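For reference, the structure discussed in these notes is given below.
Predicted model, so just to flag it, every value in this text is computed and none were measured. First the proteins, then the strands, lettered A, B, ... as listed; each starts at 1.
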Amino acid sequence: MPELPEVETIKNELAPSVVGHSLTGVAIFDEKLVAVGSLEEVHRELIGRKIESLKRRGKYLIFELSSGRSLIMHLRMTGSLLLNPREVDRYARAVFDISGEHRVVFSDRRRLGRIWLVNDADTTVGKLGPEPFDEGYSAEILGQSLSRHRIPVKSVLLDQHIVAGIGNMYADEALFAAGIHPSRRAHSLSRKEVRTLHNCIRAVLEAAINCKGASVDTYVRPEGELGTAHCDFKVAHRRGQPCPACGATIQWIKIQNRGSCFCPKCQSLSSRHTAKGSQRASHSLHNVT
DNA sequence: CTTGGGACCTGGCTGC
DNA sequence: TGCAGCCAGGTCCCAA
């Protein structure tokens, strides 16, 4: 699934072939792909426009156009952007031809991805929380966000309004690295745990970017290569396998309808900290200011 | 305001 | 072998 490291990789690897080039052809095969704007409008507005820049915000890709408008893409679960593929396969939902003999194919097995044509990209991505690598995203900010919620800490990490770009697998990895059980009530984390988690979020995402993302499902890089971040996963997608740190069997539970993998030994949980736990959990609230 | 649950989607897997 | 039913999860929407 494309999360921040995957979308960052796609952006980095696509940019040299598209930025500064013009759209010469647009074919959209699936009208559900277009979330805002009609097929005709998208077609009319894109043809002949130059792509001035390609940016990432959270899990969104933003193509800034010479018209001043932006084409925003979200790949959701199974979307990929393929650069000059040998063939346009059955999962292709749109094809963008670009000057300089380049072609970008939006391929999406489960058809959950969306594109938006907007005047101002901020109307779509402005609601997102801070980028994990922004200077403004400090341990203090994370601590304040966590202290406002009684839901499991993992659910807070997945909330894109609180911090942008973390998805299910990197939430599992960051919590393992920090030694924090995913079911811990968000507000129950100590100041020290918040600092550790903050460091681990950045470390896990940075390592994954360096590996060009994780090819656990349908994710491939624009030119078809796989990412290798999943080779270093300690718990994510490793249900039933031994923990690389202690050898305990990695457990799988559902947290707010999300499958969650964790090590029961490295990420221990005392009952007073669970989302279902006792009232005493409120006494462990720590304000990080 | 926060929280929880369902809808959207379809390929792949499980079990009968 | 065939097929029904479930599962994966990012985001939006609605109800409590």
Side-chain angles (χ1 to χ4, degrees), chain A residues 1-8 10 28-36 56-62 72-81 89-94 106-116 118 121 123-129 131-132 144-175 182-188 205 208 213-220 229-230 233 235-240 250 252-262 274-277 281-282 285:
Chain A
M1 307 87 227
E3 303 180 21
L4 187 153
E6 288 74 29
V7 181
E8 178 71 16
I10 292 167
I28 298 174
F29 314 127
D30 179 0
E31 58 184 273
K32 285 198 166 177
L33 178 64
V34 180
V36 171
R56 179 193 60 75
R57 178 77 172 91
K59 302 170 193 169
Y60 294 82
L61 273 173
I62 305 168
I72 302 180
M73 296 186 181
H74 197 299
L75 302 170
R76 295 275 172 91
M77 305 292 301
T78 56
S80 48
L81 289 177
D89 69 10
R90 55 186 283 230
Y91 301 119
R93 303 177 69 197
F106 191 121
S107 182
D108 186 9
R109 208 172 65 184
R110 280 171 59 186
R111 299 174 63 210
L112 289 165
R114 293 287 180 269
I115 69 175
W116 295 258
V118 296
T123 57
T124 303
V125 301
K127 319 179 280 276
L128 294 174
E131 289 289 320
Q144 285 168 20
S145 306
L146 292 171
S147 69
R148 284 198 298 269
H149 294 276
R150 306 177 63 80
I151 55 176
V153 57
K154 178 171 175 188
S155 300
V156 176
L157 295 185
L158 293 177
D159 188 335
Q160 301 300 300
H161 304 102
I162 293 172
V163 60
I166 303 174
N168 203 40
M169 57 191 181
Y170 294 112
D172 281 355
E173 285 299 303
L175 287 164
S183 290
R184 281 280 300 279
R185 284 171 179 257
H187 74 276
S188 78
L205 293 175
S215 291
V216 288
D217 192 7
T218 59
Y219 167 73
V220 291
H230 56 289
F233 279 175
V235 290
H237 296 274
R238 298 194 66 242
R239 176 183 188 173
I250 291 165
W252 183 90
I253 55 171
K254 275 208 160 189
I255 296 174
Q256 295 201 336
N257 246 1
R258 283 289 119 71
S260 303
C261 297
F262 66 100
T274 65
K276 289 181 184 171
S282 59
L285 174 66

Notebook entry, point to check: For the atom pair CZ (A:F106) and CG (A:L33), what is the distance rounded to the nearest 0.5 Å?
Noted result: 5.0 Å
Notebook entry, point to check: What is the distance from CG of A:N257 to C1' of B:dA7, rounded to the nearest Å?
Noted result: 12 Å
Note to self: Output the rounded distance in Å from CD (A:E31) to P (B:dC9).
What the structure shows: 11 Å
Next item on the list: For the pair A:F233 and A:H230, name the ring-plane relationship: parallel under 30°, tilted 30 to 60°, perpendicular over 60°.
Entry: perpendicular
Notebook entry, point to check: Which value, rounded to the nearest 0.5 Å, describes the distance between A:I10 atom CD1 and A:Y219 atom OH?
Noted result: 5.0 Å
Next item on the list: Grab the NE2-C1' distance between A:H74 and B:dC8 for me, whole Å please.
Entry: 14 Å
Note to self: Evaluate A:L205 against A:Y170 for side-chain contact (heavy atoms from CB on, under 4.5 Å), listing each step before the verdict.
What the structure shows: CA-CA 7 Å; A:L205 293 175; A:Y170 294 112; 4.0 Å; yes
Margin query: Working to the nearest 0.5 angstrom, can you tell me the gap between A:R93 CZ and A:I115 CD1?
Written below: 8.5 Å
Notebook entry, point to check: Nearest nucleotide by nearest heavy atom, which residue falls closer to the 5' end of DNA chain B, A:R76 or A:R90?
Noted result: A:R76
Next item on the list: Using the closest heavy atom to pick a nucleotide of DNA chain C for each, name whichever of A:L112 or A:W116 lands nearer the 5' end.
Entry: A:L112
Margin query: Does B:dT10 have OP1 or OP2 under 4.0 Å away from a side-chain N or O of A:R111?
Written below: yes
Next item on the list: Between A:S155 and A:R258, just flag the one whose closest nucleotide in DNA chain B comes earlier from the 5' side.
Entry: A:S155
Checklist line | Boundaries of the chain A footprint along DNA chain C (any atom under 4.0 Å from a heavy atom) | finding: C:dA8 to C:dC12
Next item on the list: Take the protein atom CE of A:M1 and the nucleotide atom C1' of B:dC9, then report the distance between them rounded to whole Å.
Entry: 14 Å
Check: CG/A:L75 to OG/A:S107 distance, rounded to the nearest 0.5 angstrom?
Finding: 10.0 Å
Item checked: Phosphate OP1/OP2 of B:dC8 contacted by A:K32 side-chain N/O (<4.0 Å) -> no
Margin query: Taking any heavy-atom pair under 4.0 Å as a contact, classify A:K254: base, sugar-phosphate, or nothing.
Written below: sugar-phosphate
Next item on the list: Starting from the 5' end of DNA chain C, give me the residue, A:T124 or A:M77, whose nearest nucleotide shows up first.
Entry: A:M77
Next item on the list: Would you state whether a donor and an acceptor, one from the side chain of A:R110 and one from the base of B:dC9, lie under 3.5 Å apart?
Entry: yes
Notebook entry, point to check: Atom OH of A:Y91 and atom C1' of B:dG12: how far apart are they, to the nearest Å?
Noted result: 10 Å
Checklist line | Atom-to-atom span, CG of A:D89 to C1' of B:dT10 - whole angstrom | finding: 14 Å
Next item on the list: Could you tell me the separation between the NZ atom of A:K59 and the CD atom of A:E3, rounded to the nearest 0.5 Å?
Entry: 5.5 Å
Notebook entry, point to check: In whole angstroms, how far is the C1' atom of B:dT2 from the CZ atom of A:R148?
Noted result: 11 Å
